[in-house]
Amino acid sequence: AQRVTQPEKLLSVFKGAPVELKCNYSYSGSPELFWYVQYSRQRLQLLLRHISRESIKGFTADLNKGETSFHLKKPFAQEEDSAMYYCALSKGSARQLTFGSGTQLTVLP
Amino acid sequence: NAGVTQTPKFRILKIGQSMTLQCTQDMNHNYMYWYRQDPGMGLKLIYYSVGAGITDKGEVPNGYNVSRSTTEDFPLRLELAAPSQTSVYFCASSYRGQGANEQFFGPGTRLTVL
């Protein structure tokens, strides 16, 4: 069965420092992976997806099939990056998502 | 576009009561989903639908029922509320296409069963 693991429940960094949110997955097929973010008092929303290979708000994530990882990185964290981040894997007829337990990122001034 | 709307925002139920959580989307999306989120946990899929008249169970369907009579609406029914169903419920939708597409989420319904 597919599984998504985010080992850090809480992560704090100082403004301007690099940040990396870890995500590991287990899945027998070709994974489609996403990062979703929930800012305070806002809805859960898509941050980025691995197939797009894009950078959104300075964040990037590279799929490493050998290590079964999809870590989210940003070289210089900003206070507005403080939020809850979820890694998710898509599979099935409706592309339904399996979520990790989330990492609460706090960027300190 | 309002996107995905959910009602109510909050609800307190007594054990054994029933209720329906409403979900509507105005984006003409084929796929719709119900997730629940318990404290400190990620979202878990309850039910999903690939189109009107078609629904299927997710990871945690026990104690819930759904229907999809129209493209827009995907209500979630709790028949006999139990304390274990205390959670935040999220509805989401996405369009059908090649590969996985972005899911759009509603604001959530916070349910407490006492």
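What you see below is based on every heavy atom in this structure, not just the backbone, and it leaves out hydrogens, waters and symmetry mates. Below, chains carry the letters A, B, ... as their sequence lines are ordered, and counting in each starts from 1.
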Colleague: Once rounded to the nearest 0.5 Å, what's the spacing between atom CD of B:Q22 and atom CZ of B:R77?
Modeller: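 Answer rounded to 0.5 Å: 10.0 Å.
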Colleague: Within a 6.0 Å radius of atom CD1 on B:I12, are there more than 12 heavy atoms belonging to other residues, nucleotides or ligands?
Modeller: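 For B:I12, atom CD1 is not crowded (no more than 12 foreign heavy atoms under 6.0 Å).
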Colleague: What's the separation between atom OH in B:Y89 and atom CG in B:L78, rounded to the nearest 0.5 Å?
Modeller: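 Output value for this atom pair is 5.0 Å.
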Colleague: If you check every heavy atom in residues 99-109 of chain A against those of chain B, which residues fall under 4.5 Å?
Modeller: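 Residues of residues 99-109 of chain A touching chain B at under 4.5 Å: A:F99, A:G100, A:S101.
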Colleague: Would you say B:Y35's side chain and B:F105's backbone share a donor-acceptor pair under 3.5 angstrom?
Modeller: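 Not at all, since once roles are kept as given, no pair shorter than 3.5 Å links the two residues.
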Colleague: Which residues in residues 66-76 of chain A have a heavy atom less than 4.5 Å from any heavy atom of chain B?
Modeller: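 Within residues 66-76 of chain A, near chain B: nothing under 4.5 Å.
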Colleague: For the candidates B:V4, B:D56, B:D38, which exhibits the highest count of non-hydrogen atom pairs separated by less than 4.5 Å from chain A?
Modeller: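 Most heavy-atom pairs under 4.5 Å with chain A: B:V4.
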Colleague: Taking a hydrophobic cluster as the set of Ile, Leu, Val, Met, Phe, Trp and Tyr residues connected by side-chain heavy atoms closer than 4.5 Å, whether directly or through intermediates, do A:L48 and A:L46 fall within one such cluster?
Modeller: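 Cluster IDs for A:L48 and A:L46 differ.
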Colleague: Backbone N or O of B:G58 within a donor-acceptor pair of the B:W34 side chain at under 3.5 Å?
Modeller: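 Flag not set: sc B:W34 to bb B:G58 has no pair under 3.5 Å.
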Colleague: For chain A, which candidate among B:F104, B:Y33, B:F90 shows the most heavy-atom pairs at distances under 4.5 Å?
Modeller: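 When all of B:F104, B:Y33, B:F90 are compared, B:Y33 has the most.
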Colleague: Can you name the nearest heavy-atom pair linking A:H50 to A:E32, along with the distance?
Modeller: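 Distance-wise, the nearest heavy atoms are CE1-CA, 3.4 Å.
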Colleague: Taking A:L21 as the starting point, is it possible to reach A:Y86 by hopping between hydrophobic residues whose side chains are less than 4.5 Å apart?
Modeller: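 No, separate clusters.
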Colleague: If you count heavy-atom pairs within less than 4.5 Å of chain A, which of B:S94, B:G108, B:S49, B:G106 leads?
Modeller: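 Top count of heavy-atom pairs under 4.5 Å with chain A: B:G106.
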Colleague: Side chain, backbone, both or neither: which part of B:L43 has a heavy atom under 4.5 Å from chain A?
Modeller: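 Both parts, backbone and side chain.
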Colleague: Hydrogens and angles aside, do A:T98 and A:Y25 bring a side-chain donor and acceptor to less than 3.5 Å of each other?
Modeller: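 No, no side-chain donor-acceptor pair sits under 3.5 Å.
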Colleague: Other residues, nucleotides and ligands only: do more than 12 of their heavy atoms fall within 6.0 Å of CZ on B:R110?
Modeller: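 Open: at most 12 neighbouring heavy atoms sit under 6.0 Å from CZ of B:R110.
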Colleague: Please flag which part of A:Q96 lies under 4.5 Å from any non-hydrogen atom of chain B: side chain, backbone, both or neither.
Modeller: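 For A:Q96, the contact with chain B is made by backbone and side chain together.
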Colleague: Is chain A contacted by the side chain of B:E59, its backbone, both, or neither, given a heavy-atom distance below 4.5 Å?
Modeller: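 No part of B:E59 comes within 4.5 Å of chain A.
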Colleague: Would you find more than 12 non-hydrogen atoms of other residues, nucleotides or ligands less than 6.0 Å from B:M41 atom CE?
Modeller: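 No.
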Colleague: Taking a hydrophobic cluster as the set of Ile, Leu, Val, Met, Phe, Trp and Tyr residues connected by side-chain heavy atoms closer than 4.5 Å, whether directly or through intermediates, do B:Y48 and B:I54 fall within one such cluster?
Modeller: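 B:Y48 clusters together with B:I54.
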